[in-house]
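Working notes for the structure below.
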Amino acid sequence: MPPPQDGVDDSAARVPLLPPPAPRRAAVRLHPLPLLIAATLAASYRLLFLAPAPSYYQSLLLSLGSNDTAAAHLHALTIRPHLAGTGANALAAAHVAATLSSHSFRTRLTSYSVLLSYPAYRSLSLSAPDRDTVLFALKQETYAGDPYEAVSAEAVPTFLAYAASGSVSAEAVYANYGRAEDFAYLAARGIDVTGKVAVARYGEVFRGDIVRNARDAGAAAAVIYSDAKDYAAGKTFPDGPWMPPTGVQVGSTFKGVGDPTTPMWASSEGCERLTIAEAMSSDDMPGIPALPVSWKDGETILQLIGGDVAPENWQGGDGAAAYRFGPGPAVLNLTYTGNETMVTIQNVISVIEGGEEPERYVILGNHRDAWTFGAVDPNSGTASLLELAQRLSELQKKGWRPRRTIILCNWDAEEYGLTGSTEWVEENRAMLTSRTVAYLNVDSAVAGHGFYASATPQLDELLKEASKQVQNPDNGTQSLYDLWMSSNSSPLIGRLGGGSSDYSAFVQHIGIPSVDMAIGSDYPVYHSLYDDFIWMEKFGDPLFQRHVAAASMWGLVALRLSDEEILPFNYSNYATELENGALGISERVQGMPVSLSPLHKSIKEFRKAVAKVDSELKALQTWKIWSPWRNNPLKVRDINDRLMMTERAFTDREGLSGRPWYKHLIYAPSLHNDYGAEVYPGIGDAIERVKKTNTSESLQSIQHEIYRVSRVINQAALVLSGGLT
Ligand SMILES: *[C@@H]1O[C@H](CO)[C@@H](O)[C@H](O)[C@H]1NC(C)=O
Ligand SMILES: *[C@@H]1O[C@H](CO)[C@@H](O)[C@H](O)[C@H]1NC(C)=O
Ligand SMILES: *[C@@H]1O[C@H](CO)[C@@H](O)[C@H](O)[C@H]1NC(C)=O
Ligand SMILES: *[C@@H]1O[C@H](CO)[C@@H](O)[C@H](O)[C@H]1NC(C)=O
C-alpha cells in the first residue's frame with residue numbers, strides 16, 4: 001500500500017535519510033457501517049494500514065550500509081584460493097552459510113556431482129633455428145612482501161579448463177584476437193593454420209571461442225596470452241593495478257552451459273548421465289590442447305614468429321618489434337594432460353519468507369568459486385551479498401517482512417560453465433517458471449569505477465529509479481544514476497543475451513525477468529593470481545564504499561520487487577527493444593527475398609498490449625488514491641501474474657535451432673562470441689548460414705525463424721493483455 005508519491009523522489013534520495021522512525025499511520029476514513037462490521041474492519045485496518053510503507057524500509061535499508069562489514073567478509077572469503085571442488089571453497093561455502101544462518105534466514109546447501117577439469121601435466125617450450133630452446137616456467141610469481149605468498153602455492157596451475165589432452169609440436173601462427181574474422185583474414189592471406197599452434201591474444205571474445213575458432217581453422221593446438229598493450233598499460237601490481245609480467249588469465253573453454261554430463265537436465269543424484277568420454281567429445285568442448293600464458297611469455301613467442309608483418313590492428317606489446325603472422329620459424333611444443341573428474345559442488349540457498357505472497361520469489365544470486373583468490377571476481381559480489389543480508393536482518397528486527405519471498409543464492413562452479421546456477425534452475429525449472437518475479441545477479445560487484453547494468457527491458461525504469469536513490473560512492477553530492485549517466489557506456493543498459501554469468505539459465509533457459517549489475521567492468525588482473533584482497537584494497541575499492549553502493553542498489557531493487565503491491569515492471573521499453581531489433585534484422589537481410597511483416601505485426605500487437613496493461617495499472621492507482629479499501633487482491637494478483645509471465649512467453653519449447661538449451665528467442669549469446677548478446681539470435685544464426693551456403697533452403701530458414709520469433713511475441717502480447725483470441 002505505498003502512497004502514490006512513493007518511489008522516485010530525487011531530493012529525498014540523494015542523501016538516504018531516515019524518515020520519522022514511528023510507523024506511518026495512513027488515513028482511515030470511518031464509514032457508516034454496523035458496529036460489528038466496523039469492528040472487524042478495524043482489525044483489518046490495523047493489519048493493512050499500520051505497517052510502515054515499503055518506502056520506509058527502503059530508506060532504512062539505504063541508511064544501514066557498512067563498508068567495514070563488506071571488507072571483513074571479503075577478507076574472510078579470499079584468505080585462500082578457492083576453486084570449485086576444493087576444500088577451500090567448501091570452507092568459503094561454510095562462511096556464507098553460517099553468516100546467513102546467523103541472521104536466522106532459512107539456509108541450506110544444495111549439492112551436485114558435476115564434471116570439472118583440473119590440470120594434471122603442462123609443459124610449453126619454444127625453439128627456433130640458432131636459438132636455445134626456451135622452456136616456459138608457466139608459473140605466476142609472488143612479490144616481495146606478498147602476504148599471500150604461502151597460500152599462493154594452493155592456486156591451481158595456469159591452464160584452460162576442458163582443453164583436450166595431448167602433445168603438439170608445430171610451428172606457431174599469430175592469430176590476433178582469435179576471432180572468426182581473424183582466422184578468415186589469415187586464410188585470405190594464404191597463411192595455412194592447419195596442424196600449427198595458433199597464438200592468439202585475449203580481449204575481444206570468449207576464450208572458448210578463441211580455441212574453437214583455432215580448431216575450426218585446422219590448428220592442432222592453441223596458446224592464448226594477455227598482450228601487454230591491453231593488460232599492462234601502466235604500473236603493474238603491486239605498484240599499480242596492471243598485470244605483472246608473469247600474470248596469466250586462467251579460465252574455462254567450455255561453450256556449453258552447466259554440467260557437461262547432463263547437457264539438458266539437472267545433475268540430481270542418480271540421474272541419467274553421459275560418460276566423461278561422451279561429454280568431452282561434445283562439440284561444445286574445445287577439442288584441442290591449449291594453454292594460457294603471460295604477456296612476458298607471449299612476447300617471447302611473438303619475437304620469434306617471422307613472415308609478413310601483420311597489420312596495425314594486429315600489433316601490440318611495447319611496439320619495439322612488429323608482430324608477424326608466421327608460420328614459424330618458432331616451433332612450440334605444447335603438452336597438456338587434463339584431469340576431468342566428477343566432483344561435488346555446493347550452492348548456498350537462503351530464504352526470507354514473504355508475508356503476503358510467500359509463493360512469489362525475488363531471487364538474488366552471486367557465485368562464490370574463484371580461479372584464485374577471487375577478490376573482484378566473484379567475492380566482491382559475495383561480500384556485498386553478505387553485507388546486504390546484515391541490513392535485511394536489521395530491517396526484520398524493525399518489523400519488516402517482505403510481501404514476497406526473497407531468496408539469496410550463492411552459486412558454485414560458475415567459472416566452469418555457470419554450473420551451480422544452471423543445475424539448480426534445471427532441477428527447479430517448473431517451480432521457478434511458475435513463481436519467480438525476477439532474478440537479480442551480481443557477479444563481480446566492484447572492479448573499479450563507473451556503474452554498469454544490464455537487464456531484460458521491463459526492468460529498465462526500475463533500475464533508473466533505484467539508482468537515483470543510491471549515493472555515488474565516489475562523490476557524495478551525486479547519485480549512482482549521475483555516475484551511470486556520466487560513464488558513457490554504450491548502450492546505457494546492456495541486454496542479457498551473453499553467457500558470461502549466472503543470469504544465463506534464468507533468462508535464456510526459462511525466461512525470468514533479470515538484472516546484472518556491477519561497479520567497474522574490465523580490470524587487468526582478471527582471473528589471475530593477483531585478483532586478491534590487496535589489489536582490491538589498493539586499487540579496486542580502497543574505502544569499500546563501492547561495495548556498499550553495490551549492495552544498496554541490489555537491495556533497493558530487491559525490496560521494490562518484493563514489497564510493492566503492484567510489480568514495478570514497465571513493458572514499453574521492451575516494445576522499443578523489439579522494434580530496434582527488427583531494424584537491425586532488416587538491415588542484415590537487405591536484398592534477400594524475406595519478409596519481416598510477421599515480425600512487425602507481432603510487435604504492433606505487443607505495443608497494444610503494453611498500452612492496455614498501462615491503462616489498467618493507472619486505473620488501479622486511481623482507485624487506490626480515492627478509496628479507503630484495498631485493491632481487490634485477485635485483480636492485483638492477475639495483473640502481477642501477467643507482468644511476471646510475459647517474459648516466459650518469449651521462450652519456445654524447442655529452443656534455438658541447433659542450440660536447444662537456449663529457449664529464449666529474443667536473447668541468447670552470439671554464436672561466435674559467448675560474451676556477446678544478440679537480439680533475435682535464431683534469425684541471426686540463419687542469416688549466418690545463408691552467408692556460408694547461400695541456398696534457397698537456407699533463405700527459407702531465415703523466413704522460418706522470423707515466423708518463430710513473431711509467434712512468441714504474439715504469445716507475449718496475449719499474456720500481457722490477459723486475453724484469449
Ligand atoms: C584428478 O582430480 C581428482 C579430484 O581433485 C583427484 O582426486 C585425482 O587424484 C586427480 N587425478 C589425477 C590423475 O591427477
Ligand atoms: C614435447 O615436450 C614433451 C615434454 O613435455 C616431450 O615429452 C616431447 O618429446 C616433446 N616433443 C617434441 C617433438 O620435442
Ligand atoms: C562531484 O559532483 C559534483 C556535482 O556533479 C561536481 O561538481 C564535482 O566536481 C564532483 N567532485 C568530484 C571530486 O568529482
Ligand atoms: C569505511 O569508511 C570510513 C569512512 O569513509 C573509513 O574511515 C574506513 O577506513 C572505511 N573502512 C574500510 C575497511 O575501508
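- Looking at Glu357, Glu353, Glu565 one by one, the single match for salt bridge (charged side-chain N to carboxylate O under 4.0 Å, His left out) with Arg404 turns out to be Glu357.
- Tyr439 contributes atom OH, which lies 11.0 Å from atom CD1 of Ile512 (distance to the nearest 0.5 angstrom).
- Of all non-hydrogen atoms in Ala582 and Leu599, the two that sit nearest each other are CB-CD2, 3.8 Å.
- Proximity of Lys604 to Lys608: side-chain heavy atoms (C-beta onward) are nowhere separated by under 4.5 Å.
- No side-chain heavy atom of Arg360 sits less than 4.5 Å from a side-chain heavy atom of Asn640.
- At least one donor-acceptor pair under 3.5 Å links the side chain of Arg648 to the backbone N or O of Gly511.
- Between the side chain of Arg391 and the backbone N or O of Ser63, no donor-acceptor pair lies under 3.5 Å.
- Minimum interatomic distance between Leu496 and Gln508 (heavy atoms only, all atoms of both residues): O-NE2, 2.7 Å.
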- Message: Is there a side-chain contact (heavy atoms from CB on, under 4.5 Å) between Asn472 and Asp482? Walk through the geometry before answering.
- Response: CA-CA 8 Å; Asn472 175 354; Asp482 299 325; 5.8 Å; no

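- Glu605 places no side-chain N or O within 3.5 Å of a backbone atom of Ile713 that could act as its donor or acceptor partner.
- The OG atom of Ser552 lies 9.0 Å from the CD atom of Gln471; values are rounded to the nearest 0.5 Å.
- Checking Ser562 against Arg401 by side-chain atom types alone, no donor-acceptor pair falls below 3.5 Å.
- Under the 4.5 Å side-chain criterion, counting only non-hydrogen atoms from C-beta, Thr419 is not in contact with Thr422.
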- Please assess Arg560 against Glu465 for the test salt bridge (charged side-chain N to carboxylate O under 4.0 Å, His left out), listing each intermediate value before the final yes or no. CA-CA 10 Å; Arg560 291 205 49 194; Glu465 289 170 14; 2.7 Å; yes

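- Judged purely by atom type and a 3.5 angstrom limit, Arg495 has no side-chain atom pairing as donor or acceptor with the backbone of Ser454.
- Atom-to-atom distance recorded for Lys468:NZ and Met485:CE is 7.5 Å, nearest 0.5 angstrom.
- Heavy-atom minimum distance, Gly555 versus Leu61: C-CD2, 3.5 Å.
- The CD1 atom of Ile639 sits 6.0 Å away from atom CD1 of Ile566, with the distance rounded to the nearest 0.5 Å.
- Not a single salt bridge (Lys or Arg N to Asp or Glu O under 4.0 Å) links Arg435 to another residue, sequence neighbours left out.
- Listed for the Tyr662 side chain is no donor-acceptor partner under 3.5 Å among the backbone atoms of Tyr667.
- Side-chain contact between Gln478 and Ser486: absent, with no pair of heavy atoms (C-beta onward) separated by less than 4.5 Å.
- The minimum heavy-atom distance between Asp502 and Leu418, with the atom names listed, is OD1-CA, 3.9 Å.
- Residues Phe650 and Tyr574 place their aromatic rings such that the two centres sit under 6.0 Å apart.
- A donor-acceptor pair under 3.5 Å is formed between the side chain of Thr405 and the backbone N or O of Pro358.
- Between Thr725 and Leu718, some side-chain heavy-atom pair lies under the 4.5 Å cut-off.
- Looking only at side-chain heavy atoms (C-beta outward), Trp400 and Leu392 come within less than 4.5 Å of each other.
- Ring geometry for Tyr571 versus Phe606: interplanar angle over 60°, hence perpendicular rather than tilted (30 to 60°).
- With a 6.0 Å radius and a threshold of 12 heavy atoms from other residues, nucleotides or ligands, Arg429 has its CZ atom at or below the threshold.
- Using modelled atom types, one finds no donor on one side chain facing an acceptor on the other under 3.5 Å when comparing Gln58 with Gln469.
- Residue Phe506 holds its CZ atom at 7.5 Å from OG of Ser514, rounded to the nearest 0.5 Å.
- Put simply, the residue from Glu564, Glu356, Glu359 that forms a salt bridge (charged side-chain N to carboxylate O under 4.0 Å, His left out) with Arg403 is Glu356.
- Looking at residues two or more places apart in sequence or on another chain, you find a salt bridge (Lys or Arg N to Asp or Glu O under 4.0 Å) between Glu616 and Lys612, Lys635, Arg642.
- A donor-acceptor pair is defined here as one N or O able to donate and one able to accept, closer than 3.5 Å; such a pair exists between the side chain of His509 and the backbone of Trp661.
- The two residues Ser500 and Glu414 have their closest heavy-atom pair at O-OE2, 3.2 Å.
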- Apply the test side-chain contact (heavy atoms from CB on, under 4.5 Å) to residues Asp652 and Lys663: give CA-CA distance (whole Å), side-chain angles for both, the deciding distance (0.1 Å), then the verdict. CA-CA 5 Å; Asp652 176 270; Lys663 307 291 185 199; 5.7 Å; no

- Item | Test side-chain contact (heavy atoms from CB on, under 4.5 Å) applied to Val437 and Tyr361, step by step | CA-CA 6 Å; Val437 165; Tyr361 306 146; over 6 Å; no

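- The two atoms that bring Lys464 and Ile493 nearest to each other are CE-CD1, 4.2 Å, heavy atoms only.
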- Query: Between Ile363 and Leu432, is a side-chain contact (heavy atoms from CB on, under 4.5 Å) present by the stated rule, with each step listed?
  - Reply: CA-CA 10 Å; Ile363 303 178; Leu432 292 174; 3.7 Å; yes

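- Comment: Arg659 does not engage Asp284 in a salt bridge, judged by the lack of any side-chain N to carboxylate O separation of less than 4.0 angstrom.
- Between the side chain of Glu427 and the main chain of Ser268, no donor-acceptor pair closer than 3.5 Å is present.
- Checked for salt-bridge contact, Glu678 and Arg588 meet the test: a charged N lies under 4.0 Å from a carboxylate O.
- By the 4.5 Å heavy-atom criterion applied to side chains, Glu705 and Ser657 are counted as neighbours.
- Ala466 is linked by a side-chain contact (heavy atoms from CB on, under 4.5 Å) to Met553, Leu556, Val557, counting only residues two or more places apart in sequence or in another chain.
- Taking CG from Asp460 and CG from Leu492, the interatomic distance works out to 9.0 Å, rounded to the nearest 0.5 Å.
- Remark: the backbone N or O of Leu634 is not paired with any side-chain donor or acceptor of Asp638 at under 3.5 angstrom.
- Annotation: side chain of Leu665 is in contact with side chain of Leu656 (closest heavy-atom distance under 4.5 Å).
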- Message: Checking Trp554 against Asn366 for the side chain to side chain donor-acceptor pair (under 3.5 Å) test, could you report, in this order, the C-alpha distance in whole Å, the side-chain angles of both residues, the deciding distance, and whether it holds?
- Response: CA-CA 11 Å; Trp554 202 1; Asn366 149 269; over 6 Å; no

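- No option in Leu561, Asp563, Leu440, Ile352 other than Ile352 meets the side-chain contact (heavy atoms from CB on, under 4.5 Å) test with Ile406.
- At a threshold of 4.0 Å, the pair Asp283-Arg212 counts as salt-bridged, since one of the basic side-chain nitrogens sits closer than that to a carboxylate oxygen.
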